[in-house]
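Here the structure is laid out as structure tokens; the discussion comes afterwards.
No hydrogens, no waters, no symmetry mates; every other heavy atom, side chains included, goes into these values. Numbered from 1 within each chain, the chains take letters A, B, ... in sequence-line order.
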Amino acid sequence: MKYDFKQIEKKWQNRWEATRPFAAENDSAKPKYYVLVEFPYPSGDGLHLGHPRPYTAMDIVARKRRMQGYNVLFPIGFDAFGLPTENYAIKNKLHPSDVTRNNIKRFSEQLKMLGYSFDWDRCVDTTDPEYYKWTQWIFLKLFENGLAYKAQIPVNWCTSCKCVLANEEVVDGECERCGAPVVRREKSQWMLRITKYAQRLADDLDDVDYIERVKIQQRNWIGRSVGAEVDFKTTAGDALRVFTTRPDTLFGATYMVISPEHQLLQKWLADNPDEIKAYQETAAKKSDFERTELAKDKTGVEIKGIRAINPVTEREIPIYISDYVLASYGTGAIMAVPGHDQRDWEFAKKFDLPIVEVVAGGDIEKEAYTDCDNGVMVNSGFISGLPVNDAIATITKWLADKGLGEEKINYKLRDWVFSRQRYWGEPIPIVHCEKCGYVAVTESDLPLLLPNVENYETTETGESPLAAMPEWTSTDCPKCGGPAQRETDTMPQWAGSSWYFLRYTDVANKNALASNKALDYWTPVDWYNGGMEHTTLHLLYSRFWHKFLFDIGVVPFHEPYMKRTSHGMILGEDGQKMSKSRGNVINPDDIIGEYGTDTLRLYIMFIGDFEKTALWSQSAVKGCKRFLDRVWNLSEERVGGGDEYSAAHELAIHRAIKKVGSDIEALKFNTAIATLMSLVNDYYEKAPSRGDLKVLLNLLSPFAPHIAEELWEMQGFDGFAAEQPWPVFDESKTLDAVREIAVQIGGKLRGTVFVAPDSDDETVISAAVADEKIARIIDGKEIVRTIVVKNKLVNLIIK
RNA sequence: GCGGAUGUGAUGGAAUUGGUAGACAUGCAGGAUUUAGGUUCCUGUGCCGCGAGGCGUGUGGGUUCGAGUCCCUUCAUCCGCACCA
């Protein structure tokens, strides 16, 4: 009989659909294990090759855990709110909810075709009112706790999506989704105070097992810097407060710079107001991108008639405005130390300002001396002669004693812009009342349903389509009962995905986002795999929400995910990112049709190091199909003998069990599969027993579950392959009866000899010199030294 | 500029703590079965050399009995952040 993968795969998928063998139990005596993949955005294009790589990897882990006796939760759902669906709906005159329903149906079918052992009974859909009720509920809790607030701020505005973006969504001045230019606009926006959690988001990375690059990237994004805030008196009366990480260089501060948006500029009466105003206007017109592009050439204007006083030198120094100082970081003002900061140095050179050396060792005529952490202070009054570190401590204390400053920690992280001016998102459950201000919708009124609007086209004014529905926006104030207006912006896509993994534990709960019992049992997630592109978006946001939920007693642990791993991208055969315009897209459906799901699963895991980018290779797919054909033929034609391991294969089998098991845990799926291939090659050299075949099917079943089940059934083994215990190995049986020892002469390999395991040095050396070839080389020479590495090699040094 | 990574045959990629480089697969070559092959099986395949042997993990150095692995230098590519004071 031929390996008819089409028929076999359909057969087992139907059986899984009917009997639900992968449903997780909320009551179980087994230990729990929660494996999570990032749920997909159900786009109209269907599943692409980016999905099967992480999903197959985690399916393998989930299946292995079940075989190891765990009660496994391996859920799936759909992150379905969002712009592409809305845009598609507008273009095709459909309703986004219909588009979403169709896309979810298609995605579900495709995911089932891939044979994943998801618990489909726990599927979530973020656009389901029963789901987003709880997204809104969390928002209300954030609002109640002062973590959601509305502010008039300059925001990132995508000119194509006609919508506000979070800082995390802007890449090189462009919209991360559509690539259109992003400009600055003043808008009143809902914000989430993620900055309040900056410290914990950084520190608690120590408590979790994330791959190092994820931790580093999150830490960099949070951008903690320790320094001091210092007040400079000015001749205008007001003190000018600055943030610096280098308070030790205070004696070298020869001028000051404030950002064009600085508050004090509205108050100060300079001698050159027109010049200042003109500069402010030019700066305002520049996008963020332009401001950073012009990094090389510093611009600025002196604020004439007002001067600051350096608190330690007591000298008057000039104040400039320049757009190289950002309003949004620190205090929006700096003390400029041109001797030891390259930007200040460039500005000082251009405007001919004094440059003073305060740390010895550099050449400040040529460039700023910045890499001076181990230097010694000079020209610095009472801290001269101190090493930099001591100087920082001394000056910080001095400032504090005089009431001129204090130690301060700053973060690059900014608050999360949470409003979107689009239709297809969760309505923000807030009303605005003339009398009471912003008031939360009453909890019992949740979910606040998204109304059915006639037209959900974007508006040029930058308002949500919901704003055009007076019958929906007009409401009563929950507090005073007076007339009030609903918030018309919706939540960003990241809202629903910030807590979805909690809902999986108890999907049908009507009274809470999930029961305490379910949360206590299942959370935190044991292993979460997802894309690097979400490191400073979804992953950070959901950690923030989780910490908040922990603080208000909703979840039992302060971190959502115990372990985070990440997969590399799959590029097209030409080494380019797969895209329709390049015409190098591989459709998983086509591969499944031609070679079958098991082949696709196997190839996508065999393609290379899971964590690195990989190039698709159509011909290499065939190798995996060939392997499965060989397994099939083996079972059909070559098996003989009993249920024990045959003597010929025992060693290879114990080794394979060990290697495949540890490789799966270490994400080395490619070498796990190579091990299985080697084992099959062995079985071709010498026919396997039924027992030999059985263990092969056990090891293969997480990777290629359909063929494993079919062969399991055909061989007449009991039960299902997926429900067998994971095979165990005996360490002593993974070792050879004789050891091949490398013989080196002067470090060069000259031959090999065989000795008994753990032979002592003398035995190994005498075996080596007895070897004919070795004897020939050392003939007439003297062995002056020998190095023996037990069971591995011997190195003879001759003269 | 800062941070992170990568560089190994024709190709994708393997190589515990430094210890026989190139597992496994693709491709290619030869052979067998076949009317035929996008089938299957067998053999070979790092480079140079008839051979003994020599040379080989981006470059150049170093440490070591021994380096793909450790240290320094340099080049190239990719990713993240970017005037963050």
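Residue-to-nucleotide proximity on RNA chain B shows that, of A/K612 and A/R785, the 5′-proximal contact is made by A/K612.
Comparing the same atom, C1', in B/G58 and in B/U6 gives a spacing of 11 Å after rounding to whole Å. Look at the C1' atom in both B/U74 and B/G7: the space between them is 14 Å, to the nearest Å. Taking atom C1' in both B/A52 and B/A5, one finds a spacing of 44 Å when rounded to whole Å. B/A21 sits 7 Å from B/A15 when the C1' atoms are compared, rounded to a whole Å. Across the C1' atoms, B/C47 and B/U57 are found 13 Å apart, a figure rounded to whole Å. When the C1' atom is compared between B/G30 and B/C48, the two are found 22 Å apart, to the nearest whole Å. The same atom, C1', is picked in B/U8 and in B/A23; the two are 13 Å apart, to the nearest Å. B/G68 and B/G60 are spaced 14 Å apart, taking the P atom of each and rounding to whole Å.
Among the heavy atoms of the strands lying under 4.0 Å from A/F606 is at least one base atom, whether or not backbone atoms are also near. Within the 4.0 angstrom heavy-atom criterion, only backbone atoms of the sugar-phosphate kind lie near A/T613; the bases stay farther away.
Residue A/N681 places at least one side-chain N or O closer than 4.0 Å to OP1 or OP2 of B/A25. Taking only side-chain nitrogens and oxygens, A/R750 comes nearer than 4.0 Å to OP1 or OP2 of B/G54.
In this entry the distance linking CD1 of A/I741 with P of B/C65 reads 21 Å, nearest Å.
With sequence neighbours left out, the ring-ring contact (aromatic ring centres under 6.0 Å, His included) criterion links A/H654 to A/Y645. Every side-chain hydrogen bond (donor to acceptor under 3.5 Å, both in side chains) that A/T195 has, sequence neighbours left out, goes to A/D415. Take A/Y197 and apply the ring-ring contact (aromatic ring centres under 6.0 Å, His included) test, not counting sequence neighbours, and it matches A/F544.
For residues 771-784 of chain A, no residue pair satisfies the side-chain hydrogen bond (donor to acceptor under 3.5 Å, both in side chains) rule, not counting sequence neighbours.
Between A/D736 and A/R655 there is a salt bridge, with a side-chain nitrogen of the basic residue lying less than 4.0 Å from a carboxylate oxygen of the acidic one.
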Would you tabulate the side-chain donor-acceptor contacts of residues 221-228 of chain A under 3.5 Å, counting partners in other chains and residues two or more places apart, or write 'none'?
| from | atom 1 | to | atom 2 | distance (Å) |
| --- | --- | --- | --- | --- |
| A/W221 | NE1 | A/E168 | OE2 | 3.2 |
| A/R224 | NH1 | A/Q199 | OE1 | 3.0 |
| A/S225 | OG | A/Y329 | OH | 2.9 |

Practice task
Would you write the dot-bracket representation of RNA chain B, where each base gets (, ), [, ], | or . depending on whether it forms a Watson-Crick or G-U pair under 3.5 Å and with which partner?
Solution key: (((((((..(((......[....)))((((((.......))))))(((....)))..(.(((..]....))).))))))))....

